[in-house]
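Read the structure below first, then the notes.
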Amino acid sequence: MIDSILAEYISEAVHTHFGLAEEGVFLEIPGNPEHGDFSTNIAFKLAKPLKKAPAAIAIEISELLNQTHLNDGISFTPLNGFINLTLSDRALFALLAQPFSSYPIQSRKVNLEFVSANPTGPLHIGHGRWAVMGSAIASLLSEVGHDVTCEFYINDAGNQIDNFRASISAVKNNSPIPENGYHGAYIKELASSDLDPVAAMLADHKTVLAALGVAFDIWYSKSSLHASGLVKEMIQKIEENNLSYKADGALWFKTTEFGDSKDRVLIKADGALTYFCVDIAYHFEKTKREYDQLIDIWGADHHGYVPRMRAALRGICGDDYAGDRFKVIIGQLVSLFRNGEPVRMSKRTGEMITLSEVMEEIGVDATRFFLIQKSHDTSIDFDLAVAASQTSENPVYYIQYAHARIASILRKADDTIPSTMDDAAGPLEPSERDLLIMILRYRREILTSATNYLPHQLATYLIQLSKAFHAFYHNCPILNSEPGIKKRRLAILSTTQKTLKMGLHLLGISAPDSM
RNA sequence: GCGCCUGUAGCUCAGCUGGAUAGAGCAACGGACUUCUAAUCCGUAGGUCGGCAGUUCGAAUCUGCCCGGGCGCACCA
């Protein structure tokens with residue numbers, strides 16, 4: 001980890017010079033390249049405790065750091081209170097050559113639940129977003145050292161399922177579809193088949209998700225939860241702990257005692273369990289599997305559900321679950337357009353474009369990238385016409401093209417590809433240097449994307465990396481250059497290719513060798 | 001009414017525990033292919049970061065109020 005190494009140098013200097021144990025050294029990437037390769041604002045932070053001007057602190061720390069590290073090619077330049085760090089070519093090569101051991105994190109056993117679509121209809125683009133986000137987050141968390149289990153909760157029991165089955169039967173019997181029933185071509189299709197509709201729908205979900213490159217370790221069935229007796233056990237526990245009461249013929253959970261805005265019904269007056277009740281039981285079951293963290297990915301249309309689920313978990317399992325041990329990632333919704341016209345998406349009316357149709361129309365890689373490239377906090381307007389026709393609007397090709405270009409050159413090179421670089425052939429060209437600095441940032445980008453659960457940051461980084469590569473490609477001939485330079489550039493190509501490939505792989509996107 | 005998300009270039013969006021002159025792609029305009037893949041590169045133009053206050057050495061980023069957009073406020077799932 002490049003920043004941990006450099007940040008460590010700075011904290012050491014702060015410690016020896018000022019006697020302060022400074023943990024919070026954070027390196028940033030300066031917007032202005034004249035400000036060096038990295039910079040830190042540590043002098044501003046120390047100004048208050050030391051009662052000293054930031055500029056003076058920056059000068060003192062820089063002097064000390066230069067004494068110890070200038071020989072290694074790392075220079076520290078104080079400027080207006082900032083400390084700017086510049087790496088020499090030699091230092092850059094050395095840092096790139098350093099074997100990577102592990103990320104500075106505490107490994108956790110994580111359960112990540114996502115998609116969990118009702119098997120009452122085909123998956124749509126919204127499910128696609130949760131699927132892509134979930135799989136990318138899982139890859140990132142695993143990459144930095146967590147032990148991740150991906151889980152899909154199969155909602156195969158309850159009212160919706162009953163309505164769904166009733167709708168199929170109605171079509172089969174040529175009778176009208178019930179009021180809350182489902183419509184659409186897929187209902188007719190299922191009605192004309194002898195397969196169990198729920199099983200068929202679930203099988204379809206599995207096929208589509210697999211095609212999208214999304215894999216689950218556990219498919220947890222709601223009906224198996226009912227069969228296990230866990231719901232009873234949980235209700236008993238709630239009652240024993242005096243967390244419930246009867247009113248209006250229903251059994252209520254005192255979720256307000258744990259931060260919810262109102263109490264919630266567990267057992268309805270007619271004796272049926274609420275969806276909430278079963279869902280808590282499911283989460284309760286997950287807590288029994290001893291994960292360090294439970295993560296759910298939900299659509300924004302369910303965000304209001306977060307406080308009550310957290311309250312329930314706190315009530316049943318304790319305040320462990322008040323914080324990050326239970327985490328819900330809310331993804332804003334996706335709206336589908338075609339040529340600027342909204343495409344309605346309603347399972348009930350059957351007017352919809354399915355996820356698998358979108359994948360077919362614009363391709364799996366483009367679909368994944370489009371859905372991963374934006375922060376989960378922004379809602380997405382997905383225009384099919386734009387995504388399909390104007391490939392330049394989808395930067396996934398830009399990244400893949402970089403990879404393919406490299407593969408092509410390496411195919412043509414007869415040389416063995418060196419794994420390390422040196423400055424024997426003279427100083428680096430600016431665009432060589434920019435590219436290498438960008439590669440040096442890779443681990444850092446992975447770590448921040450993973451710890452913030454923000455895969456789109458990795459996507460953004462890969463675009464920048466590709467940009468740096470394309471510029472390098474344009475400015476620096478490789479195969480026709482003088483042998484020493486050629487050797488170095490082949491090594492640069494190879495490192496770039498590996499980095500692109502790893503990044504794309506984490507996002508579940510292919511890295512083609514030709515395009 | 002209350003809660004969550006959101007408002008950045010004509011459009012779609014980045015902007016990393018608050019940092020130095022706010023970025024990219026597309027669209028517009030002008031250049032670069034007899035030379036490793038032009039799905040590329042280089043340049044020009046384009047901004048009161050929704051508005052007003054506040055916090056601070058420093059605010060697109062934090063706080064408050066206001067305006068606009070999305071979503072949610074069930075003994076539905």
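Across the protein-nucleic acid pair, Tyr397(A) atom OH and C26(B) atom C1' stand 15 Å apart, rounded to whole Å. When rounded to the nearest whole Å, the span between CG of Asp434(A) and P of C42(B) equals 11 Å. Distance Ile330(A) CD1 to U6(B) P: 12 Å, rounded to the nearest Å. For the pair Asp260(A) CG and C4(B) P, the interatomic distance rounds to 14 Å; values are reported in whole Å. Rounded to whole Å, atom C1' of U6(B) lies 14 Å from atom CD1 of Ile380(A). For the pair Asp365(A) CG and A39(B) P, the interatomic distance rounds to 18 Å; values are reported in whole Å. Between the C1' atom of G19(B) and the CD1 atom of Ile83(A) lies a distance of 14 Å, rounded to the nearest Å. Regarding Ile463(A), its CD1 atom lies at a distance of 11 Å from the P atom of C26(B), rounded to whole Å.
Counting non-hydrogen atoms under 4.0 angstrom, Asn84(A) reaches a base of the nucleic acid. Nucleic acid contact class of His35(A) (heavy atoms, under 4.0 Å, all strands): base. Within the 4.0 angstrom heavy-atom criterion, no nucleotide atom of any strand lies near Leu266(A).
Here, A9(B) and U44(B) have their C1' atoms 15 Å apart, quoted to the whole Å. Separation of the C1' atoms belonging to U61(B) and C49(B) is 10 Å when rounded to the nearest angstrom. A60(B) sits 31 Å from C41(B) when the C1' atoms are compared, rounded to a whole Å. Using P as the reference atom, U21(B) and U6(B) are 27 Å apart when rounded to the nearest Å. The same atom, P, is picked in G23(B) and in C65(B); the two are 32 Å apart, to the nearest Å. Spacing of P atoms, C52(B) relative to C67(B), comes out at 15 Å, to the nearest Å. Annotation: U56(B) and G72(B) have their P atoms spaced 40 Å apart (nearest Å). The gap from the C1' atom of C26(B) to that of G18(B) amounts to 31 Å, rounded to the nearest Å.
The aromatic rings of His205(A) and Phe152(A) are tilted relative to each other, their planes meeting at an angle between 30° and 60°. Under the 30°/60° scheme for interplanar angles, the aromatic rings of Tyr275(A) and Tyr305(A) are found to be tilted. Aromatic ring pairs are classed by plane angle as parallel below 30°, tilted from 30° to 60° and perpendicular above 60°; the pair Phe276(A) and Phe253(A) is tilted. Taking the six-membered ring where the residue is Trp, Phe382(A) and Phe370(A) present tilted rings, their angle falling between 30° and 60°.
Within 6.0 Å of the NZ atom in Lys327(A), the count of heavy atoms belonging to other residues, nucleotides or ligands exceeds 12. With a 6.0 Å radius and a threshold of 12 heavy atoms from other residues, nucleotides or ligands, Glu482(A) has its CD atom above the threshold. Atom NZ of Lys487(A) has 12 or fewer neighbouring heavy atoms from other residues, nucleotides or ligands inside a 6.0 Å radius.
Checked against salt bridge (Lys or Arg N to Asp or Glu O under 4.0 Å), Glu361(A) has the following partners two or more places apart in sequence or in another chain: Arg338(A). Under the rule for a salt bridge (Lys or Arg N to Asp or Glu O under 4.0 Å), Arg405(A) has no partner lying at least two apart in sequence or in another chain. Legend: residues meeting salt bridge (Lys or Arg N to Asp or Glu O under 4.0 Å) with Arg314(A), ordered by chain and number and at least two apart, are Asp319(A). Arg489(A) pairs by the salt bridge (Lys or Arg N to Asp or Glu O under 4.0 Å) definition with Glu432(A), not counting sequence neighbours.
Base orientation at C33(B) is syn, since its O4'-C1' glycosidic dihedral falls within 90° of 0.
Separation of the Phe82(A) and Phe44(A) ring centroids falls under the 6.0 Å cut-off.
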Enumerate the protein-to-nucleotides 57-60 of chain B contacts in which both atoms are nitrogen or oxygen and the separation is below 3.5 Å.
none

Check nucleotides 46-51 of chain B against the protein and report each pair of N or O atoms closer than 3.5 Å, with its distance, or say if there are none.
none

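Look at Lys374(A) and you won't find any side-chain N or O under 4.0 angstrom from OP1 or OP2 of C5(B). In this model, the phosphate group of G15(B) is approached by a side-chain N or O of His456(A) to a distance below 4.0 Å at OP1 or OP2. Gln373(A) has no side-chain polar atom (N or O) that falls below the 4.0 Å cut-off from OP1 or OP2 of G25(B).
Residue pairs meeting the salt bridge (charged side-chain N to carboxylate O under 4.0 Å, His left out) criterion with at least one member in residues 471-481 of chain A: none, sequence neighbours excluded. Every pair tested for ring-ring contact (aromatic ring centres under 6.0 Å, His included) that includes a residue from residues 439-460 of chain A fails, sequence neighbours excluded, so the list is empty. Applying the side chain to side chain donor-acceptor pair (under 3.5 Å) test to every pair with at least one member in residues 366-376 of chain A, sequence neighbours left out, gives these pairs: Ser135(A)-Arg368(A).
Between the side-chain ring of Tyr398(A) and the base of A39(B), no stacking contact exists by the 5.5 Å and 30° definition.
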Inset, instruction - Indicate for each nucleotide in nucleotides 70-77 of chain B, in 5' to 3' sequence, whether protein heavy atoms under 4.0 Å reach the base (B), only the sugar-phosphate (S), or nothing (-). - result: BBS--BSB
Legend entry - Sugar-phosphate or base contact per nucleotide [nucleotides 28-38 of chain B; S, B, -; heavy atom under 4.0 Å]: -------SBBS
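Each of Phe370(A) and Gln457(A) lies near RNA chain B, and the nucleotide nearest Phe370(A) is the one positioned closer to the 5' end.
Distance alone, capped at 3.5 Å, is enough to place a donor-acceptor pair between the Asn32(A) side chain and the Glu34(A) backbone.
Evaluation of atom-type donor-acceptor distances gives a pair under 3.5 Å for the side chain of Asn32(A) against the base of U21(B).
Under a 4.0 Å N-O distance rule, the pair Lys222(A)/Asp279(A) does not qualify as a salt bridge. Using a cutoff of 4.0 Å between basic side-chain nitrogens and carboxylate oxygens, Lys286(A) and Glu113(A) are scored as salt-bridged.
When base pairs are accepted only as Watson-Crick or G-U wobble with both N-N or N-O distances under 3.5 Å, RNA chain B takes part in stems of 3 or more pairs at B:1-7 with B:67-73, B:10-13 with B:23-26, B:28-32 with B:40-44, B:50-54 with B:62-66.
Asp263(A) and Thr256(A) share a side-chain donor-acceptor pair at under 3.5 Å.
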